[in-house]
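Reading through the structure tokens given below for one structure.
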Amino acid sequence: MTSSETELVRVLEADGRFAPSPAAEQYLPLIEAISDAELEQFYRDMVVIRAIDTQATNLQRQGQLALWPPSRGQEAAQVGSGRAARAQDTIFPSYREHAVTRIRGVDPVDIIKLMRGVSHGGWDPTDPKNGNTRLYTLVLGSQVLHATGYAMGLEFDGKSGTGDVDRDAAVIVYYGDGASSQGDVHEAMVFAASYQAPTVFFLQNNQWAISVPVATQSRVPLVQRSAGYGIPSVRVDGNDVLASYAVSRVALDEARSGKGPRAIEAVTYRLGAHTTSDDPTKYRGSDEEESWALRDPIVRMRAFLESKGASASFFADVESEGADAAEDLRARTVALGPPPAGKIFDHVYSEPHPLIDEQKAWRAQYEASFEGDQA
């Protein structure tokens with residue numbers, strides 16, 4: 001389906017009022033089944049990752065990291081979709097999905113290692129503790145092809161559409177409005193639609209592809225791009241964590257059950273810079289930023305929880321957890337040392353290789369030829 005602005009799935013207004021849009025009506029039974037504990041977890045996830053994200057940005061400014069891509073403002077889209085995935089699902093992030101990766105079990109310091117330049121990938125995607133989370137990629141759109149190929153493999157191997165809800169699996173892949181203009185994304189959609197691969201394409205439309213506004217990238221809502229391939233597509237308020245959760249939950253359930261790929265356009269906003277090497281004041285005005293700040297997903301969810309009677313002690317506890325997580329990130333980042341000298345040769349091949357062994361030995365011999373610390 002295609003979606004106009006009036007068909008946006010929204011449950012919470014900017015002020016936190018529970019006021020479902022017409023397009024949200026079909027999701028209300030699922031939303032009403034969310035427990036108070038789960039609602040509070042959504043809020044906790046958003047607050048803590050923002051504290052971590054802010055600390056990481058500060059660390060980059062202080063010379064501890066080479067680069068950091070802030071996720072401020074996009075927490076609801078990520079937390080809602082991340083919490084909607086099942087344990088057996090596989091996550092293919094881009095490079096800004098800090099909330100999703102944390103929910104799946106990835107240590108935020110592993111992202112820091114990547115951005116600091118002391119790790120080739122950040123974490124081991126095959127380690128169960130990382131929740132089937134693939135590595136970040138800075139190559140725009142490439143992960144969408146990888147995700148679709150992986151999902152096709154699930155289909156070929158009979159790991160989706162069997163009717164076993166505890167076993168059937170799907171893939172969810174994250175990308176941005178800029179990446180949606182990449183050929184890789186469109187090629188992936190062709191294959192996903194043709195093979196009915198259990199892929200959920202999760203587009204975070206944060207309004208800016210670095211300095212290019214979404215209005216320049218597309219003359220129609222981006223959700224129509226996936227719909228054009230015959231993929232059922234939904235447009236959701238990406239600053240509404242409840243709507244994001246419900247839409248993602250349904251899309252993943254349908255993909256997992258053998259109904260083929262699904263697509264979501266989460267309409268959100270990047271409150272910070274594209275990365276710490278970017279200066280958004282060069283291409284967008286303060287009026288726009290202030291307008292979107294009024295739709296802050298954390299402020300919205302807090303107002304909703306307060307209306308439901310959440311206690312002041314709960315919010316204080318969440319703030320304390322966020323502060324502790326940020327301080328822990330700082331301490332462990334500063335304590336990071338350089339990688340082992342031979343690490344560059346590890347995992348070039350899956351099995352030992354004589355040429356790699358020869359190169360590794362040559363490097364060690366070369367560095368040993370220097371006196372003292374001159375190497």
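Throughout, numbering of the chain's residues begins at 1 and tracks the sequence.
Taking CD of Q41 as the start and CD1 of I103 as the end, the distance is 8.0 Å to the nearest 0.5 Å. Rounded to the nearest 0.5 Å, atoms CD (Q182) and OG (S142) are 9.0 Å apart. To the nearest 0.5 Å, the span separating CD on E13 from OG on S21 amounts to 8.5 Å. With rounding to the nearest 0.5 Å, the separation of OG in S211 from NE2 in H274 is 9.5 Å. In this structure, CZ on R300 lies 10.5 Å from CG on L294, to the nearest 0.5 angstrom. Rounding to the nearest 0.5 angstrom, the gap separating the CD atom in Q359 from the CD1 atom in I356 is 4.5 Å.
Hydrophobic cluster of L67: no remaining members, since no ILVMFWY side chain lies below 4.5 Å from it. V139 shares a hydrophobic cluster with no other residue; no ILVMFWY side chain has heavy atoms under 4.5 Å from its own. The hydrophobic cluster of V118 has no other members, since no ILVMFWY side-chain heavy atom comes under 4.5 Å of it. Through side-chain heavy atoms spaced under 4.5 Å, either directly or across other Ile, Leu, Val, Met, Phe, Trp or Tyr residues, W68 is tied to V48, I49, I52, L59, L65, Y95, V106, V109, I111, I112, L114, M115, W123, L135, Y136, L138, L140, L329, L336.
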Exercise. Checking side-chain contact (heavy atoms from CB on, under 4.5 Å) for the pair R249/Y27: CA distance, chi angles, key distance, verdict?
Worked result: CA-CA 10 Å; R249 178 70 179 272; Y27 300 100; over 6 Å; no
For this session: For side-chain contact (heavy atoms from CB on, under 4.5 Å), just list the numbers for S81 and I172, CA-CA rounded to whole Å, side-chain angles, deciding distance to a tenth of an Å, and then say yes or no.
Result: CA-CA 9 Å; S81 58; I172 182 168; 4.2 Å; yes
Exercise. Could you walk me through whether L242 and L39 pass the side-chain contact (heavy atoms from CB on, under 4.5 Å) check?
Worked result: CA-CA 8 Å; L242 301 186; L39 293 173; 3.4 Å; yes
Problem set entry | D107/R332 under salt bridge (charged side-chain N to carboxylate O under 4.0 Å, His left out): CA gap, chis, key distance, verdict | CA-CA 11 Å; D107 185 344; R332 291 196 289 148; 2.8 Å; yes
Exercise. Which is it for R270 and D278 under the side-chain contact (heavy atoms from CB on, under 4.5 Å) test, yes or no, and what are the steps along the way?
Worked result: CA-CA 12 Å; R270 166 169 54 81; D278 169 46; 3.8 Å; yes
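With respect to D110 and K113, a salt bridge is recorded, a charged nitrogen being found less than 4.0 Å from a carboxylate O. In this structure, K259 does not pair ionically with D253, as no charged nitrogen and carboxylate oxygen lie closer than 4.0 Å. By the 4.0 Å N-to-carboxylate-O rule, R284 lies close enough to E289 to be salt-bridged with it.
Taking 4.5 Å as the limit, some side-chain heavy atom of D317 sits within range of a side-chain heavy atom of R44. Contact of the K360 side chain with the D346 side chain is registered, since non-hydrogen atoms from C-beta on lie closer than 4.5 Å.
Y283 and W292 fall within a single hydrophobic cluster, where Ile, Leu, Val, Met, Phe, Trp and Tyr side chains are chained together by heavy-atom contacts under 4.5 Å. Hydrophobic cluster membership differs between I210 and L203, with clusters built from Ile, Leu, Val, Met, Phe, Trp and Tyr side chains linked at under 4.5 angstrom. The hydrophobic cluster containing V9 also contains L30, counting ILVMFWY residues as joined when their side-chain heavy atoms lie under 4.5 angstrom apart, directly or transitively. I298 and F315 fall within a single hydrophobic cluster, where Ile, Leu, Val, Met, Phe, Trp and Tyr side chains are chained together by heavy-atom contacts under 4.5 Å. In terms of hydrophobic clustering, with Ile, Leu, Val, Met, Phe, Trp and Tyr side chains grouped at heavy-atom distances under 4.5 Å, V299 and F18 are assigned to different clusters.
Shown here is H347, whose NE2 atom has no more than 12 heavy atoms of other residues, nucleotides or ligands within 6.0 Å. Remark: E32 CD is packed, more than 12 non-hydrogen atoms of other residues, nucleotides or ligands lying under 6.0 Å away. The local environment of CD in E25 is crowded, with over 12 non-hydrogen atoms from other residues, nucleotides or ligands closer than 6.0 Å.
In terms of modelled atom types and a separation under 3.5 Å, the side chain of S244 and the main chain of D240 share no donor-acceptor contact. Looking at D184, its side chain never comes within 3.5 Å of a backbone N or O of L145 through a donor-acceptor pair. Using modelled atom types, one side-chain atom of T148 and one backbone atom of V144 make a donor-acceptor pair closer than 3.5 Å. Although no hydrogens or angles enter the test, the distance criterion places no donor-acceptor pair under 3.5 Å between the side chain of R83 and the main chain of V241. At least one donor-acceptor pair under 3.5 Å links the side chain of R104 to the backbone N or O of A87. Side chain of D89 to backbone of R86: a donor-acceptor contact under 3.5 angstrom is found. With hydrogens and angles ignored, the 3.5 Å screen pairs no side-chain donor or acceptor of T268 with any backbone N or O of A266. Side-chain atoms of Q143 come within 3.5 Å of backbone atoms of Y174 as a donor-acceptor pair (strictly under, hydrogens ignored). E254 places no side-chain N or O within donor-acceptor distance of the main-chain N or O of A251, the cut-off being under 3.5 Å. At distances below 3.5 Å, at least one donor-acceptor pair connects side-chain atoms of Q207 with backbone N or O atoms of N205.
Annotation: ring pair (Phe, Tyr, Trp, His ring centres under 6.0 Å) contacts of H353 (sequence neighbours excluded): Y349. S311 pairs by the side-chain contact (heavy atoms from CB on, under 4.5 Å) definition with S313, F314, not counting sequence neighbours. For Y175, the ring pair (Phe, Tyr, Trp, His ring centres under 6.0 Å) criterion is met by no residue, not counting sequence neighbours. Looking at residues two or more places apart in sequence or on another chain, you find a ring pair (Phe, Tyr, Trp, His ring centres under 6.0 Å) between Y150 and F92. Judged as a side-chain contact (heavy atoms from CB on, under 4.5 Å), and not counting sequence neighbours, the contacts of N58 are T54, Q55, Q62, R330.
Residue T281 comes nearest to D279 through the heavy atom pair OG1-OD1, 2.6 Å, listed as atom of the first residue, atom of the second, then distance. Contact detail for A310 and E40: the closest heavy-atom pair is CB-OE2, 4.4 Å. Closest approach of G141 to A179, counting heavy atoms only: N-CB, 4.0 Å. Residue E265 comes nearest to P221 through the heavy atom pair OE1-C, 4.2 Å, listed as atom of the first residue, atom of the second, then distance. Closest approach of V100 to G82, counting heavy atoms only: CG1-CA, 4.5 Å. Shortest non-hydrogen contact noted between S248 and A84 is CB-CB, 3.7 Å.
Residues in residues 148-171 take part in no salt bridge (charged side-chain N to carboxylate O under 4.0 Å, His left out) pair, two or more places apart or across chains.
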Side-chain donor-acceptor contacts of residues 188-202 below 3.5 Å, not counting sequence neighbours, with atom names and distances?
from	atom 1	to	atom 2	distance (Å)
S194	OG	V190	O	2.8
Q196	NE2	A193	O	3.0

Can you give each donor-acceptor pair under 3.5 Å made by side-chain atoms of residues 69-79, sequence neighbours left out, with the distance rounded to 0.1 Å?
from	atom 1	to	atom 2	distance (Å)
Q74	OE1	N206	ND2	2.9
Q74	NE2	Q204	OE1	3.0
E75	OE1	R50	NH2	3.0
E75	OE1	G73	N	2.9
E75	OE2	R50	NE	2.9
E75	OE2	R50	NH2	3.4
E75	OE2	G73	N	3.4
Q78	OE1	H98	N	3.3
Q78	OE1	A99	N	3.1
Q78	NE2	R96	O	2.9
Q78	NE2	Q204	OE1	3.4

